[in-house]
Amino acid sequence: MCVRALNAPRYTSVMPIQTVFKAEIERISILDEHCQFDEKLGAGLIPDEDLVRLYEAMSSCRYLDEVAFKLQRSGRMGTYPQNMGQEATSLGAAYALRGDDWLVTCYRENCGLFWRGVPMESILLHWMGDERGNAMPAAHYATPIAVPIGTQMLHATGLAWASKYRGESRIACTFFGDGASSEGDFHEAANFAANLDIPVVFCCQSNSWAISVPQRIQCSAPTVAQRGIAYGMPCMQVDGNDIFACVYAVKNAAARARESSRPTFIEMVTYRLGDHTTADDARRYRDQAEVDLWKLRDPLLRTRKLLEAKRLWDSSKEDAMRQRIEVTVNAAVARAEEIAAPPTSDVFDHTFAQLPPDLVRQRDSLQTHSLAGEQAVHTEGH
Amino acid sequence: MCVRALNAPRYTSVMPIQTVFKAEIERISILDEHCQFDEKLGAGLIPDEDLVRLYEAMSSCRYLDEVAFKLQRSGRMGTYPQNMGQEATSLGAAYALRGDDWLVTCYRENCGLFWRGVPMESILLHWMGDERGNAMPAAHYATPIAVPIGTQMLHATGLAWASKYRGESRIACTFFGDGASSEGDFHEAANFAANLDIPVVFCCQSNSWAISVPQRIQCSAPTVAQRGIAYGMPCMQVDGNDIFACVYAVKNAAARARESSRPTFIEMVTYRLGDHTTADDARRYRDQAEVDLWKLRDPLLRTRKLLEAKRLWDSSKEDAMRQRIEVTVNAAVARAEEIAAPPTSDVFDHTFAQLPPDLVRQRDSLQTHSLAGEQAVHTEGH
Amino acid sequence: MANLNLVQAINLALIQEMERDERVLLLGEDVGINGGVFRVTEGLQARFGARRVVDTPLAESGIIGTSIGLAMGGLRPVPEIQFEGFLGPAYDQICSHAARMRTRTRSAFTVPLTIRVPVGGGIHAPELHSDSPEAIYAHQPGIKVVMPSSPYDAKGLLISAIRDPDPVIYFEPKRIYRAFREEVPEDEYTIPIGKARLVCEGTDLTIVSWGSSVIQCMQAIEKSNRSIELIDLRTIYPMDIDAVTESVRKTGRCVVVHEAPRTCGLGAEVAATIMEHCFLHLEAPVQRVSGFDTIMPYYKLELSYMPDASRIGGAIEDALTF
Amino acid sequence: MANLNLVQAINLALIQEMERDERVLLLGEDVGINGGVFRVTEGLQARFGARRVVDTPLAESGIIGTSIGLAMGGLRPVPEIQFEGFLGPAYDQICSHAARMRTRTRSAFTVPLTIRVPVGGGIHAPELHSDSPEAIYAHQPGIKVVMPSSPYDAKGLLISAIRDPDPVIYFEPKRIYRAFREEVPEDEYTIPIGKARLVCEGTDLTIVSWGSSVIQCMQAIEKSNRSIELIDLRTIYPMDIDAVTESVRKTGRCVVVHEAPRTCGLGAEVAATIMEHCFLHLEAPVQRVSGFDTIMPYYKLELSYMPDASRIGGAIEDALTF
Ligand SMILES: Cc1ncc(C[n+]2csc(CCOP(=O)(O)OP(=O)(O)O)c2C)c(N)n1
Ligand SMILES: Cc1ncc(C[n+]2csc(CCOP(=O)(O)OP(=O)(O)O)c2C)c(N)n1
Ligand SMILES: [Mg+2]
Ligand SMILES: [Mg+2]
């Protein structure tokens, strides 16, 4: 937590040197990679039955990653960004938040979105090049997948502001990468929230890399968490592979946001175990030794170990779960693949609430043309 | 100065709470508004003969402000931003820097630019709506007046990088307002400098206002200085109306930049005694009491008092100086006003190194037209 | 009816929409106690409170990005960008998000946002205070762009923009903010987005223009002894193609006038559209009178850059004598 | 001579310019060890070191803004923006500074900067990875814009761009990055900025296009039994008006083809320019084949959005039978 020990007036007469500001940042870890569990902070945070569900949620998200990778490799899907290794971050947040708090994510937060109820096939459909995958139902309070890096945090600020404006207690929680924290829009989103008292929880997925660029080029400071100090925001670092720490941090931040309309910055230290996307080959720029080290810190592994230590889990349960997951994921894939390409007129239909006359003309011209053209399109596409 | 007491590795196993970062920010004041002078930090910083020159520089800049205001009011100049009250900041920097360090300013740093040798008539010409006012001679290592707020700091980063690239020891020092520190480009400039080790001194003119918007809306944190912590940059706050403190801070920062290629963030706490520009009426949004308080903290006032205490100054010297200044400034105004509007073809001449054929055509068409049109232009202009 | 200038007409429209619809809020730099640098929002914070008229940090991307969030969250934000030259930092949020949110989410999220921006030259301002970027946003699918040329239109178009379910950039020609007054109904009324205004009828030639250039066109018509039809587009996108082409089919000749640089300006679109729809009626090429393909000069030369009655007159002659 | 694809031709040009001129440096996201996401800068960091091939923070405005400073400081930066959809955050630095610095300072400061940007659709990419914003930058005075359509042109144009004393946006049509190879001289050579290429001669109709659409135009010409002249602009701004108008004066008919949305696209400028210069030679209105005035759809439908041989063929017919 960032402590504002001193709050000196901006103009003082103490000479020649006066300390006018002090801060320190804490790191929270509750369940570490050796399956050490801190009872003091962790007790009661996640009831056992929920922990089992959270473990299954992470496992099923992980399996989707495997399947999606294969779909892309066999030409059945476009570029896909695996979430592998980062499941605990967004899931911890989704678990800690109210179901109607805004979840404003980037593209590596499948696990949190699924917890919210976003159907797997929506995410698949999106990466299959179909806008309908982004037609998030209102009930999920989730925004579409954000492709332009570092831009969606401003929407979180606006969404939370809209709730505050209407006197609702809904807050917003936004996710973005360490790379994204280099974009100017991050600065503006945090600064708006801090200065206009807007209830946002900023969660940075601090995963060491932005494609091939190492974190020191995005943030050479000792922590990414200290970015929040710039705005006078409470800020903290958590072990992002520790679902307990993520839940703990987001719960506190959400309470603060709801009670006092103040934002918080949380650095969730995690690691992208896979390539950046299926279009990437991470072996070009990072050592296998680093990846191996982080495999030991996998959020799934330690959660399973804890469950086993608590005698809530064993390999037969694991097998049964795996079967359930395969059925679910495969069914989602089947549903997504069943969805045929929309008619070409679909390109027009959601440009405006009402199509201007010239767009109607353009749509009609397409229809005239498409009989002749469909053939050509088909040939070129493959 | 921001102290990085702790530099914990990003992933540790200390549980459950570990302090991973600590910082504190110091405020430097050497010559305060009561003319108290700190010998320890201040001794030798500015030799007496230089202090006299610096005082005259501030006074002459102040007088230009008066004259420019009247020029604008009598329709002889466009919008003009007075510098009144902030003279010590840019002057302190210009004095502390080497003459060939880049000075990348905004529009309230006349005093530093004049110290550099930028002619007064250039600045006047600029605000008289003439690009030639921005044709900064190479020898001054000063960039043009920056109208789009918060954008020029990136150029400072690039300029300093260019020097470093060539192995030169030239650094860059950039000025911008507290309002400007809200722009995304500020964040990107500071982040590039910090992470790519670029020798830039970031000087924020923390003057309480951005037009009518009070500082708490730009930065509700206790200090603006702590913005630098986000980048792991050394940062400090200084009394910006104290020429000694400004010199001290920039000198240290410049040495660090030159020696270790590291950037520094300096918040210079000052105050805009005048309206935002001649197009503004500050009485609409701020209390006279606040202005009166800051008039007591005027950088000129305290410098004069110190000179008097040192018996380097008296009212006859003041009168003589005033006469010199009036001559200088009035001569500059006369020179600026003598410069006739350029020919209309001038609109084209600096679009590219070589004018493309169609631009030649456009320029020629203007010439054909201008005989007929000049009349109309003249009538409309008044 | 009240006799209002353009600033007052906009101010009135804002008051009426804010009274009518609690979801409408204003935000931007200096829009609060200062009433905006052009005083367009004068008195609104006193009237509606700091909750509905909000001074923001100095960050244009932030203003538009949070406005997008506000709109996605069900409100009707009306952000102000202080000058068109400062739309640049917000370009990405406008084009990558505001314009795309509806199509991206198949209308699950929409962005009913009205961005107010002073536009154009002629007020002796510093650089980046006198540009005309309307074509940039007309080229971006998913946004509507309007620009009134009179107090009456200003009020009606702004009310339409605020009520529009999609993002609208509302450009305010600053040269005529206080240039003249006209009768503006006190009641609320709308002017449909996408419909041009026939300023005056004529048979020899059609002038197409918008914003403050309309005034220069009227001066040129006054000086001319020919029968000239003047169309004020009022909406830049979607353009009222029918109004333009109908007129040109009648007159056979056209001059299009704008302040922006010529290359890829809206004038090119008007000319190309006319050629497509009226080819056989055209008796002369469509003439473009515009800014040059140079940076808008500092103010000493700005009037040489901007189309004036004399240059428009020249183009009229060229078209008529082709 | 080597048989190279477009990626390799650019890579070769970069190597040669970096060897020739110590002032040339590359910067951008992932341009270093990764060689860029399209591998255009592959091997360059290994060859020239991390001082001259620099991975930057993920911030496009930062990349262009610092590049402007580098250029003002006497270097020749060649920044890469990863996809044209991410030019947005850099729009302000490009248009408010890079384009204006020379005119603002009466040439005291100049910005010899080459911004490399992959452009266009057809590679099954996610949203904002398939757009065509060339008209946006053509409308901004003070910047040159080029777009090669072949490996040979890619090399020569890039060398010209890097040596140009003014800012150039160098668009790389990603659809043809690896679509074909051709003979590319090993020696360095330049292709003048501002000169179009006559791809093939014809007498019945002129097609004007640029970038990867040139390939679709060639397919359409192959399928047609008419004598069609194809002009590849190569430079978007300043456009080679003489080449275009000379051809259209000869053929009397023209089709212009581009991927970008139609309204205010470069096609409008081409059409308007042709009308101005060739009015009496035109036997049919200039036809525009372009993207629609909608957001480029996600990839399932992208090929319906982009001009293809069949749509181009339709426009050819329309022009010939008008
Ligand atoms: C504005 C913008 N610039 C560049 C890209 C290309 N790009 C996609 S993901 C990525 C790296 C993101 O890194 P980070 O924010 O750390 O997220 P991570 O992928 O590590 O989760 C880049 C450069 C983009 N999508 N948007
Ligand atoms: C990008 C941009 N946005 C808005 C403006 C209009 N504007 C000019 S000065 C100013 C306030 C600047 O405040 P600050 O940075 O604190 O500097 P100060 O004037 O107080 O020295 C504003 C909003 C501008 N010039 N550029
Ligand atoms: Mg990352
Ligand atoms: Mg200020």
Side-chain angles (χ1 to χ4, degrees), chain A residues 4 6-8 10-30 32-34 36 38 40-42 182-188 191 194-197 206 208 215-223 225-233 237 239 245 269 297, chain B residues 4 6-8 10-30 32-34 36 38 40-42 182-188 191 194-197 206 208 215-223 225-233 237 239 245 269 297:
Chain A
R4 290 199 230 163
L6 288 159
N7 212 323
R10 270 192 176 130
Y11 204 92
T12 75
S13 283
V14 180
M15 283 182 66
I17 298 181
Q18 183 195 3
T19 300
V20 286
F21 176 76
K22 275 190 184 177
E24 52 181 73
I25 289 175
E26 290 172 349
R27 179 182 197 280
I28 308 290
S29 156
I30 298 175
D32 78 2
E33 74 263 44
H34 312 296
Q36 219 182 306
D38 185 78
K40 213 173 114 231
L41 290 189
S182 291
E183 287 278 6
D185 274 6
F186 156 71
H187 175 69
E188 300 189 13
N191 203 41
N195 306 339
L196 303 178
D197 287 321
S206 183
S208 290
Q215 190 167 97
R216 67 168 185 285
I217 289 178
Q218 311 294 345
C219 181
S220 56
T223 67
Q226 71 204 75
R227 293 230 197 260
I229 296 179
Y231 317 102
M233 240 185 235
Q237 193 183 63
D239 180 344
V269 181
R297 298 173 182 160
Chain B
R4 289 201 232 162
L6 289 160
N7 213 325
R10 276 202 170 120
Y11 203 92
T12 74
S13 284
V14 180
M15 284 184 63
I17 297 182
Q18 183 195 4
T19 300
V20 286
F21 177 76
K22 274 191 184 178
E24 52 181 73
I25 289 175
E26 290 171 348
R27 180 182 196 280
I28 307 290
S29 156
I30 298 176
D32 78 1
E33 73 263 45
H34 311 296
Q36 218 183 305
D38 185 79
K40 212 173 113 229
L41 289 189
S182 291
E183 287 278 5
D185 274 6
F186 156 70
H187 175 70
E188 301 189 13
N191 203 42
N195 305 339
L196 302 179
D197 287 320
S206 183
S208 291
Q215 189 167 96
R216 68 168 184 285
I217 290 178
Q218 310 295 345
C219 180
S220 56
T223 67
Q226 71 204 73
R227 294 233 196 258
I229 297 178
Y231 316 103
M233 242 185 232
Q237 193 184 63
D239 181 344
V269 181
R297 298 173 182 160

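Lettering of chains follows the sequences in order, A, B, ..., and the numbering in each one begins at 1.
Of all heavy-atom pairs spanning Thr223(A) and Val20(B), the tightest one is CG2-CG2, 4.0 Å. Taking every heavy atom of both residues into account, Ile30(A) and Met15(B) meet most closely at O-CE, 2.8 Å. Closest non-hydrogen pair, Lys22(B) versus Glu24(A), comes out as CE-OE1, 3.3 Å. Across all non-hydrogen atoms, the minimal contact from Ala221(A) to Ala230(B) is CB-O, 4.0 Å. Among all heavy-atom pairs drawn from Ala194(B) and Ser220(A), the shortest one is O-OG, 3.3 Å.
Judged by distance alone, with hydrogens and angles left aside, the side-chain atoms of Glu188(A) form a donor-acceptor pair with the main-chain N or O of Gly184(B) at under 3.5 Å.
For the atom pair CD1 of Ile25(A) and CD of Gln18(B), the computed distance is 12.5 Å after rounding to the nearest 0.5 Å. Of the inter-residue distances, the one linking Ile17(B) atom CD1 with Gln237(A) atom CD reads 13.0 Å to the nearest 0.5 angstrom. Distance check: Tyr11(A) OH to Ser206(B) OG gives 12.0 Å after rounding to the nearest 0.5 Å.
Heavy atoms closer than 4.5 Å to chain B are found in both the backbone and the side chain of Ile28(A). Heavy-atom distances place the backbone of Gln218(A), and not its side chain, under 4.5 Å from chain B. For Leu41(B), the part sitting under 4.5 Å from any heavy atom of chain A is the side chain, from C-beta outward, and nothing else. For Asn191(A), the part lying near chain B is the side chain, with the backbone staying farther off; criterion is any non-hydrogen pair under 4.5 Å.
Looking only at heavy-atom pairs under 4.5 Å with chain B, the residue among Val269(A), Asp197(A), Asn195(A) that has the most is Asn195(A). Your options are Arg216(B), His34(B), Arg227(B), and the one with the most heavy-atom pairs under 4.5 Å with chain A is Arg227(B). Highest contact tally toward chain A, considering only Leu196(B), Asp239(B), Asp185(B), is held by Asp239(B) [criterion: heavy-atom pairs under 4.5 Å].
No side-chain heavy atom of Glu26(B) sits under 4.5 Å from any side-chain heavy atom of Phe21(A).
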